[in-house]
Student: 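Next up is a structure, given as structure tokens.
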Amino acid sequence: MAQNITNRDDDYSQWYLDVIKHAKLADYSPVRGCMVIRPNGYALWENMRDALDRMFKDTGHENAYFPLFIPKSFLSREAEHVEGFAKECAVVTHSRLKSGKDGLEVDPESELDEQLIVRPTSETIIWNSYRDWIQSYRDLPILINQWANVVRWEMRTRLFLRTMEFLWQEGHTAHASKEEAVEETEQMLEVYRTFAEDFMAMPVIKGTKTESERFAGAVETYCIESLMQDNKALQAGTSHFLGQNFAKAFDVTYQDTDGQHKHVWATSWGVSTRLIGGLIMTHSDDNGLVLPPKLAPTQVVIVPIWKNDEQKREVLEYCDGVYRELDELGIRIELDDRDQQNPGYKFAQHEAEGVPLRIAIGPRDIENNNVELARRDTLDKNIVDREGLGKRIESLLETIQESLYDQAKKRVEDNTYEVDDYETFKKRIKEGGFVYAHWDGRAETEEKIKDETKATIRLIPLEEGEPGKCIYTGDPSDQKVLFARAY
RNA sequence: CGGGGCGUAGCGCAGCCCGGUAGCGCUCUUGCUUUGGGAGCAAGAAGUCGCCGGUUCAAAUCCGGCCGCCCCGACCA
């Protein structure tokens with residue numbers, strides 16, 4: 001395993017793939033565009049999932065599960081929705097195989113009467129159920145989330161960032177009033193912001209999408225947008241106000257207190273395993289993955305060092321004491337007592353896997369009653385007293401969490417610009433980063449800017465800005481919007 | 001769907017031009033020595049050379065067809 005990780009400066013894409021490989025997060029699969037999520041990657045996803053799930057429960061949501069297969073007719077109920085997804089759907093047409101001359105082949109006699117779509121998202125199948133569940137204002141709101149896999153038949157894929165099958169959560173809520181639905185949409189966006197910043201240590205900007213970037217079938221799409229190390233933007237999560245579009249398409253009404261039957265208001269919101277890609281490209285370095293302590297499957301690893309059996313016994317006994325102290329504090333800790341690798345190998349491996357803190361303990365340390373502490377994020381090494389180690393590590397993990405956020409925040413700020421003329425805009429966009437500029441609000445202008453610079457409008461900021469003139473047309477603009485080249 | 005590249009051991013590759021018993025590095029297995037930043041020695045294991053057909057005494061190598069994957073673009077979370 002003397003292979004090295006490509007330097008970020010040499011080839012950022014290759015670096016990204018190398019980090020995933022060396023951290024053992026995922027493998028390519030035999031099926032194009034799909035990935036195998038390995039135990040390290042899945043443990044990370046479980047920690048993300050658990051934190052998000054708690055936040056969903058704390059805001060009154062409950063989990064449910066809807067089917068993988070959606071009748072084809074459901075998808076076509078909502079005109080814009082079908083428009084958005086039709087080009088990337090896997091379709092099940094047959095139910096059986098049979099032996100043929102080249103092995104198994106599809107049995108033509110097993111063709112389905114109604115073809116099934118593998119869900120690209122679940123609005124339609126869920127709203128079909130909601131129709132049955134909702135009669136009265138007393139049945140509202142419905143606040144449901146599901147953890148699931150979805151399939152979108154993508155042309156080009158990249159591990160975690162865009163795979164044909166991915167894991168995500170999708171929240172689907174139903175409300176009696178527009179105000180309440182909008183409030184829900186904004187609340188869940190704030191949940192995503194909190195999760196991204198507090199757990200992933202990934203700074204994000206909140207905003208709404210322009211019409212062209214909006215979710216198919218939504219009235220308004222809210223998003224959190226983040227800036228990666230290579231100065232490209234990544235959409236990290238979306239929350240949609242769906243208006244009454246799906247209620248109308250699936251005929252979902254409730255009887256209000258005034259006796260009138262009214263269409264229900266809807267939201268949906270989701271984040272996916274794409275966040276893992278964002279996490280990698282926010283913190284990791286040329287030595288491999290860097291994980292924030294709150295999400296790291298292993299927060300602290302102990303690497304024992306010995307020269308002979310007697311030392312091994314002494315060192316492991318000492319390590320055991322450290323292990324128990326940290327374990328009792330609820331720290332996720334691992335003792336790497338493997339015999340067949342030497343310490344240098346282990347150091348490199350745990351670094352590649354992103355373990356936030358490493359403790360090295362050898363005969364010298366036992367003699368002096370101290371340990372060597374190494375931080376993954378800064379690569380700093382320090383000899384510290386064995387006494388009070390637990391408390392020190394607890395606070396150090398917090399420090400690392402904050403420091404990762406602060407560093408990322410500074411990087412984003414350093415690469416965020418405001419420009420007022422198109423020439424400067426083009427130059428800035430070429431160098432990458434977030435660029436705020438005035439836009440006249442027209443889709444044609446947005447399209448032209450995209451064609452000429454590859455930059456898209458990532459979001460319209462939530463807080464109101466100063467009016468001005470569009471950098472492209474000179475027409476009036478309400479406020480600056482955020483441009484970037486994006487993943 | 002267009003442009004480019006590549007399919008030979010688990011991984012990375014050489015061999016192909018000029019046909020003649022399939023090779024290198026890493027990995028893996030066993031043993032011994034090592035262990036404070038990716039260890040050393042020794043012995044071993046592992047391949048339908050992407051698939052189908054053709055030429056030939058003989059094909060990884062030459063010819064024809066097909067398939068797959070990766071990268072770059074158009075489309076998307």
Side-chain angles (χ1 to χ4, degrees), chain A residues 1-5 11 13-14 17-18 21-22 27-34 83-89 102-103 120-121 150-170 192 209 212-216 218 221 223-226 233-240 268-278 287-288 303-309 311-312 315 336-353 358-368 370-374 379 381 383 450-451 454 456 458 486-487:
Chain A
M1 179 131 25
Q3 318 121 313
N4 281 316
I5 295 172
D11 184 345
S13 297
Q14 191 56 49
L17 294 171
D18 286 351
K21 187 165 88 181
H22 287 258
D27 282 343
Y28 283 108
S29 83
V31 181
R32 182 187 76 82
C34 294
E83 180 91 3
F85 286 103
K87 280 179 286 184
E88 45 183 292
C89 285
D102 302 316
T121 179
V150 287
V151 168
R152 296 180 188 176
W153 212 264
E154 299 288 352
M155 300 282 198
R156 250 188 93 198
T157 57
R158 297 191 71 189
L159 291 180
F160 291 114
L161 295 177
R162 180 171 297 111
T163 47
M164 292 218 300
E165 181 192 9
F166 56 93
L167 306 184
W168 76 342
Q169 57 70 215
E170 45 181 326
Y192 289 155
K209 287 293 187 189
S212 65
E213 298 273 332
R214 196 174 291 155
F215 175 73
T221 289
C223 65
I224 51 170
E225 202 78 20
S226 167
L234 183 77
Q235 178 172 304
T238 48
S239 183
H240 314 290
S268 70
W269 27 274
V271 294
S272 72
T273 38
R274 170 176 248 208
L275 286 178
I276 294 176
N287 295 319
V303 177
I305 296 156
W306 62 77
K307 282 189 164 58
N308 53 51
D309 282 354
Q311 283 186 353
K312 181 180 174 182
V315 168
D336 188 353
D337 59 358
R338 288 176 300 174
D339 222 343
Q340 53 283 17
Q341 278 85 17
N342 64 23
Y345 179 91
K346 293 177 182 177
F347 292 171
Q349 185 180 359
H350 294 298
E351 269 164 21
E353 293 181 12
R358 180 186 70 230
I359 304 174
I361 298 175
R364 280 207 310 260
D365 301 299
I366 296 178
E367 205 173 305
N368 303 320
N370 56 31
V371 304
E372 183 193 84
L373 259 186
L379 300 171
K381 287 197 283 197
I383 305 292
K450 185 183 171 184
D451 287 346
K454 290 186 193 147
T456 50
R458 302 317 304 156
Y487 274 99

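Lettering of chains follows the sequences in order, A, B, ..., and the numbering in each one begins at 1.
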Student: The criterion is side-chain hydrogen bond (donor to acceptor under 3.5 Å, both in side chains); which residues satisfy it with A:K312, sequence neighbours excluded?
Tutor: A:D339

Student: Scan every strand shown for a Watson-Crick or G-U wobble partner of B:G44, both distances under 3.5 Å, and answer none if you come up empty.
Tutor: B:C28

Student: Counting Watson-Crick and G-U wobble pairs only, both distances under 3.5 Å, name the nucleotide matched with B:U21, or none.
Tutor: none

Student: Look up atom CH2 in A:W168 and atom CH2 in A:W269, then write down how far apart they are to the nearest 0.5 Å.
Tutor: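 It is 11.5 Å, given to the nearest 0.5 Å.
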
Student: Please give the distance between the P atoms of B:U21 and B:U61 as a whole number of Å.
Tutor: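 So the two P atoms sit 14 Å from each other.
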
Student: Looking at B:C75, B:C71, B:A77, which one has an atom nearest to any side-chain atom of A:Y28?
Tutor: B:C71

Student: When rounded to the nearest Å, what value does the distance between C1' atoms of B:A59 and B:C49 take?
Tutor: 11 Å

Student: For atom P, what is the distance between B:A9 and B:U35, given to the nearest Å?
Tutor: 37 Å

Student: To the nearest Å, how far apart are A:K209 NZ and B:A77 P?
Tutor: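 About 8 Å, once rounded to whole Å.
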
Student: Can A:E170 and A:V150 be said to form a side-chain contact (heavy atoms from CB on, under 4.5 Å), step by step?
Tutor: CA-CA 10 Å; A:E170 45 181 326; A:V150 287; 4.2 Å; yes

Student: Could you state the interatomic distance from CZ (A:R458) to SG (A:C223), rounded to the nearest 0.5 Å?
Tutor: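 Taking CZ in A:R458 and SG in A:C223, the distance rounds to 7.5 Å.
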
Student: Which is it for A:R358 and A:K346 under the side-chain contact (heavy atoms from CB on, under 4.5 Å) test, yes or no, and what are the steps along the way?
Tutor: CA-CA 10 Å; A:R358 180 186 70 230; A:K346 293 177 182 177; over 6 Å; no

Student: Can you check the distance between B:C18 and B:C13, where both ends of the measurement are the P atom (answer in whole Å)?
Tutor: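 Pairwise P distance, B:C18 against B:C13, rounds to 26 Å.
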
Student: Considering only the P atoms, how many Å lie between B:U8 and B:A60, rounded to the nearest integer?
Tutor: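 Those two atoms are separated by 15 Å.
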
Student: How many whole angstroms separate atom CG of A:L159 from atom C1' of B:C71?
Tutor: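 Rounded to the whole Å, the gap is 14 Å.
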
Student: Here's a test for you: under side chain to side chain donor-acceptor pair (under 3.5 Å), which of A:Q235, A:H240, A:E213, A:R214 qualifies with A:T221?
Tutor: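 Going through the options one by one, the only one that passes is A:H240.
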
Student: Under 3.5 Å for both donor-acceptor distances, Watson-Crick or wobble: does B:C6 have a partner, and if so which one?
Tutor: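 Partner of B:C6: B:G68.
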
Student: What interatomic distance, in whole Å, is found between P of B:A46 and the corresponding atom of B:G23?
Tutor: 13 Å

Student: Which whole number of Å gives the distance between the P atom of B:C24 and that of B:G47?
Tutor: 15 Å

Student: Compare all side-chain heavy atoms of A:H22 with those of A:E353 and state whether any distance is below 4.5 angstrom.
Tutor: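 A:H22 vs A:E353: side chains apart.
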
Student: A:K454 NZ to B:A74 P: how many Å, rounded?
Tutor: 7 Å

Student: Go ahead and name the base partner of B:U34; Watson-Crick or wobble counts if both distances stay under 3.5 Å, otherwise write none.
Tutor: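 Base-paired to nothing in any strand shown.
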
Student: What interatomic distance, in whole Å, is found between P of B:C6 and the corresponding atom of B:A14?
Tutor: 9 Å

Student: What string of B, S and - do you get for nucleotides 28-37 of chain B, 5' to 3', if B is base contact, S is sugar-phosphate-only contact and - is no contact with any protein heavy atom under 4.0 Å?
Tutor: -------BBB

Student: Who is the Watson-Crick or G-U wobble partner of B:U61, with both distances under 3.5 Å?
Tutor: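 Base-paired to nothing in any strand shown.
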
Student: Suppose we define a pair by two distances each less than 3.5 Å, Watson-Crick or G-U wobble; what does B:G73 pair with here?
Tutor: B:C1

